[in-house]
Amino acid sequence: MGNDRQKVLLIDGNSIVYRAFFAMPPLTNSSGLHTNAVFGFTTMLLKVMEEEKPTHLLVAFDAGKVTFRHEGYGEYKGGRQKTPPELSEQFPLLKELLSSFSIAQFELGGYEADDIIGTLSRMAEEKDIETVVVSGDKDMLQLASEKVTVLLTRKGVSEVERYSPEAVGERYGLTPQQIIDLKGLMGDASDNIPGIPGVGEKTALKLLAEYGTVENVLAHMGEIKGKLGENVRAHEEDARMSKRLATIFREVPLERTLDELRWSGYDAAELAAALRKLEFKSLIERLDLSAAAVGAADADAAGAAAGQAAYETVWVAGAADWQALNEALPQAEALLVESHGDNPHQGEGIGLGIAAEGCIFVVPYAALASEEAKPLRDWLADEQAAKTGYDLHRAELVLARSGIALRGLAFDVQLAAYLLDPTEADPSLVGLLQRHGLPVIAADEAVFGKGAKFRVPEDEALAAHLAAKTDAIRRLAAPLAEELDKAGMRTLYYELEQPLSVILAGMEKQGISVRAEALEELGKEFQVGIERTMAEIYRLAGCEFNIGSTRQLGEVLFDKLGLPVIKKTKTGYSTDAEVLEKLEPYHEIVRLILHYRTLTKLQSTYIEGLLKEIRPEDGKIHTYYRQTIAATGRLSSQYPNLQNIPIRLEEGRQIRKAFVPSEEGWLILAADYSQIELRVLAHISGDEGLKEAFRNEMDVHTKTAMDVFGVTADQVDSNMRRQAKAVNFGIVYGISDYGLSQNLNITRKEAAAFIDQYFGAFPGVRRYMDDIVAQAKQDGYVTTLLERRRYLPDIRASNFNLRSFAERTAMNTPIQGTAADIIKLAMVRMDETLKSRGLRSRMLLQVHDELVFEVPPEELEMMKELVPKVMAEAFPLDVPLKADVNFGVNWYEAK
DNA sequence: CGACTCACG
DNA sequence: ACGTACGTGAGTCGC
């Protein structure tokens, strides 16, 4: 390859900016200027530049509102949402930044960015120059050719998919040219291109497979049968026009030459100034521009900083490798444990990565058991040896199954990232690197494949990937730790979440004993009920059908039996429990269907589901608590979920009888917070009436009924209390009259009246609701008592639905999240207490407001006192916290 | 793989 | 006027 290598990179500016805007969390500089789209765009830009190393570079923009496409079709791009102002204001910023990068930008009145790109790529092609096009718009695939590669962004902006003509063929079964035909047939709602009604992607692909082009489909439209044929014939002209609209115009009179796109680097001082203005500190660092304001930095810094791996990868195999690793261990900066599958309680280990002293050591998992690995195993188990990793909770479980301990947790990148943004859709290392402007690595999916296609690649490729991940952990740790500090979440992280992760792993390893025979016996009873109910349903329906199919069930209930349709879903009749309850008076079959649903749910999810999860080695179920999923800070539980074991209905509650202590004579002890969310509400709202109610140990729903209905305690009947309870739930969820009316089956007006009454009686609560929404609008996020944070990007949305949802979330998250903080804190305290007192009792489960233990009989009296005390004192509020405790020979009896 | 349904707090 | 309660995980159906 000589110096004359040329490569043109053409970027669809508008498309990428839009994508970036919606993919990135809101981000403003200190003067309140929105910068998220610019940041996302720049991250993408740097990544693609680094990967493609173009010699020529251009960002094309759409110009003006009206293009030549509107001449033939006035409604083109009609009905589009207006560009949000938060985005509009970023275009000038981006254009300015691009000039600081010395990157060419074009726009031309009457044409869109894709036409400019189409024209330039044609010009490059004619000169036999390799071209790469970047866009978020699938239409661009029509440009793919031997010389032109199209990169489509997906999920966010920095992850791209590469399309050669072959790749287009693999993905769609079409040639690039046929992409135009595809859109001609199916249209495009976002551009208001009609296409043919009733033709979506699938039908369009089928037609193209048969006829090849829109023109040929139309030439043969007489032979297309059925409704489809009718539609094609009726919309012939629409199809032709849609194809014209979708065709990228490659003859734009540009009066520019490719030479004008040549990129020869940027002025470091100028770029540093531009980035500083935007407050993109991470990018300044990434491009190594920190010093640039003072001295003139190398204009080629972009390539260098974004460039090659700064470490040596060592695939640990021979004695010399082991020795090098052992010597490096004391300086280890990052640890990776890679294993198969989603469930850390199963699936073999794949390998370890350890970053130390400029090297990344990759240890194949099988070698971990070898004699040479003894020092490594000791290091892993050494409490004093600090580990920085990504999801070390999972790592601990994986290693534990090989008899290897993992201790000495210093920092977990995944856990930190979760606290920084618990709603982040992509918490993978790749996503984190992107958002921090660090060099991006391959996604796991790309290396391993996914689902059934999961394969561990050859040693070399595996080593490279594990090394890249380990290095990513090393690079991310410091910036994330700093961000935690800045956001005031240092304590939350180090005092609560990180210690909790170790406690959770302990509970999961411990597991809970479940008696298979008890489940099987119960399952037999359920089976009898299921069969009996099924037979009766068939008799009443007058036919046999699959009751589990909502479609077939809908046909029987509404078409055959003629019951009134209460509610519809996207795909047909709704048959959910709410609907069926309303239908009960019409036909006795309805009650049976409800019963059938209850029994089959219990049978498949809880009998069969749980039986599959009992491990034969120890007769226990080991769930996996996810600490980085729930947006509010709660835990979640998987494989299986032990946080939704039935309790409300007696039939299902029986399941709990199978959950027993793991040792002879021990007992199950369960303690749950009483009304923790409403107590938290009393505290954070400061409402005097609500606080008073809890201080006087009143029944809070009765108290609410008294105030809402204006009666005395002895006048509150069970119905009033029930309604008051629903109001209290509504308050916690972020009240709306509609939601309450649905729940109580009353009119919206009546619900609104309840809410009014409630707020009249509890003015502090109303003030809280107003204030928290206002605060969320101002800050863009809400926090819990322990400074847990949740961003609410939609709180300023102009769309009513999105905004309302965000407002309810703003009301609910501090309540639910603070309750989550408190029980997590109680778990940490409880763990310390058990250890410091040398108790044998074990904490086994957490169910949001409940902790479940197994206790030896001699500790029962002490635990009955201790557990509720620790829970109540976990975090002092303005009202007392209360936990009730129960015990028994199984979980059912501990009620 | 998405839609629907339902178990829990 | 808008049309939803907050937060999860899992099983089944049907494309």
Side-chain angles (χ1 to χ4, degrees), chain A residues 200 202 342 422-423 450-451 545-554 567-580 593-594 596-610 612-613 623-626 629-649 651-653 655-656 672-673 675-677 681 726-744 748 751 755 782 790 797-817 819-820 823 845-850:
Chain A
K202 279 184 186 162
D342 289 329
T423 53
K450 64 168 178 178
F545 63 102
N546 184 346
I547 311 170
S549 160
T550 46
R551 219 185 71 190
Q552 294 181 34
L553 178 62
K567 192 165 69 171
K568 288 200 142 203
T569 67
K570 275 184 222 172
T571 51
Y573 306 118
S574 171
T575 66
D576 63 21
E578 194 191 318
V579 167
L580 294 184
I593 289 165
L594 283 166
Y596 176 86
R597 283 242 175 105
T598 306
L599 291 177
T600 49
K601 173 85 178 175
L602 293 172
Q603 187 74 299
S604 64
T605 304
Y606 296 103
I607 301 293
E608 290 163 13
L610 289 178
K612 276 187 232 156
E613 298 287 347
T623 189
Y624 171 44
Y625 287 106
R626 305 272 330 245
I629 295 290
T632 52
R634 278 188 173 185
L635 299 176
S636 86
S637 157
Q638 296 178 328
Y639 319 126
N641 182 357
L642 291 186
Q643 291 183 318
N644 69 348
I645 303 302
I647 190 167
R648 292 173 189 169
L649 299 176
E651 276 169 310
R653 195 173 191 156
I655 304 274
R656 294 181 173 229
D672 66 305
Y673 279 112
Q675 305 296 351
I676 187 168
E677 292 189 337
L681 174 63
V727 172
N728 279 329
F729 269 99
I731 293 292
V732 168
Y733 290 155
I735 196 89
S736 78
D737 48 14
Y738 183 84
L740 182 64
S741 73
Q742 288 295 298
N743 191 281
L744 282 178
R748 228 180 59 202
I755 295 168
V782 291
R790 176 174 183 179
S798 46
N799 178 311
F800 174 88
N801 273 331
L802 288 178
R803 191 177 63 247
S804 303
F805 191 11
E807 287 171 357
R808 291 196 298 275
T809 312
M811 300 183 227
N812 169 267
T813 296
I815 301 171
Q816 193 184 118
I823 192 163
L845 302 177
Q846 190 251 42
V847 194
H848 308 307
D849 66 352
E850 173 186 18

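Note on naming: letters A, B, ... go to the chains in the order of the sequence lines (proteins, then strands), and numbering restarts at 1 for each one. Predicted, not measured: the structure shown is a model, and the values here were computed from it.
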Any side-chain N or O of [X] under 4.0 Å from OP1/OP2 of [N]?
X	N	answer
A:T575	B:dT5	yes
A:S637	C:dG9	no
A:R551	C:dG14	no
A:N812	C:dA5	no
A:Q846	B:dG9	no
A:T605	C:dG9	no
A:K570	B:dA3	yes
A:S804	C:dG3	no

Inset, instruction - Determine whether A:L642 and A:V847 make a side-chain contact, defined as any pair of heavy atoms from C-beta on separated by less than 4.5 Å. - result: no

How far does [atom1] of [X] sit from [atom2] of [Y], to the nearest 0.5 angstrom?
X	Y	atom1	atom2	result
A:R551	A:T575	CZ	OG1	13.0 Å
A:I655	A:I607	CD1	CD1	3.5 Å
A:D849	A:I676	CG	CD1	7.5 Å

Just call it for [X]: base, sugar-phosphate, or nothing, with non-hydrogen atoms closer than 4.0 Å on any strand.
X	result
A:K568	nothing
A:G548	sugar-phosphate
A:T813	nothing
A:I647	sugar-phosphate
A:N644	base
A:Q742	nothing
A:D672	nothing
A:V732	nothing
A:A810	nothing
A:A820	nothing
A:D576	sugar-phosphate
A:A819	nothing
A:E677	nothing
A:I815	nothing

Mind calculating the distance between [atom1] ([X]) and [atom2] ([N]) to the nearest angstrom?
X	N	atom1	atom2	value
A:K601	C:dG9	NZ	P	13 Å
A:R626	C:dA10	CZ	P	10 Å
A:I593	B:dC6	CD1	C1'	16 Å
A:L602	B:dT5	CG	C1'	14 Å
A:Q603	B:dA7	CD	P	14 Å
A:I547	B:dC6	CD1	P	13 Å
A:L635	B:dC8	CG	P	19 Å

Legend entry - Ring-base stacking, A:F805 with C:dT4 (5.5 Å, 30° cut-offs): no

Inset, instruction - Quick one: closest heavy-atom pair of A:L610 and A:I645, and the distance? - result: CD1-CD1, 4.1 Å

Legend entry - Heavy-atom pair of closest approach, residues A:T809 and A:P814: O-CD, 4.2 Å

Inset, instruction - Could you check A:Y738 against A:Y606 and say which one's nearest nucleotide on DNA chain C is further toward the 5' end? - result: A:Y738

Legend entry - Upstream residue (5' side of DNA chain C) when A:T809 and A:D737 are each assigned their closest nucleotide: A:D737

Let's test your reading of the model: under 3.5 Å, does the base of [N] pair with the side chain of [X] as donor and acceptor?
X	N	result
A:Q643	B:dC8	no
A:R634	C:dT8	no
A:R748	C:dG3	yes
A:R790	C:dG7	no

Legend entry - Residue A:F545 excluded, over 12 heavy atoms near CZ under 6.0 Å: yes

Inset, instruction - For A:Y625 and A:Q846, indicate whether the former's side chain and the latter's backbone hold a donor-acceptor pair under 3.5 Å. - result: yes

Inset, instruction - Would you indicate which nucleotide in C:dG7, C:dA5, C:dG9 comes nearest to any side-chain atom of A:I735? - result: C:dA5

Inset, instruction - Determine the Euclidean distance between corresponding P atoms of C:dG3 and B:dA7; express it in Å to zero decimal places. - result: 29 Å

Inset, instruction - Using Watson-Crick or G-U wobble geometry with both distances below 3.5 Å, tell me the partner of C:dC2, or none. - result: none

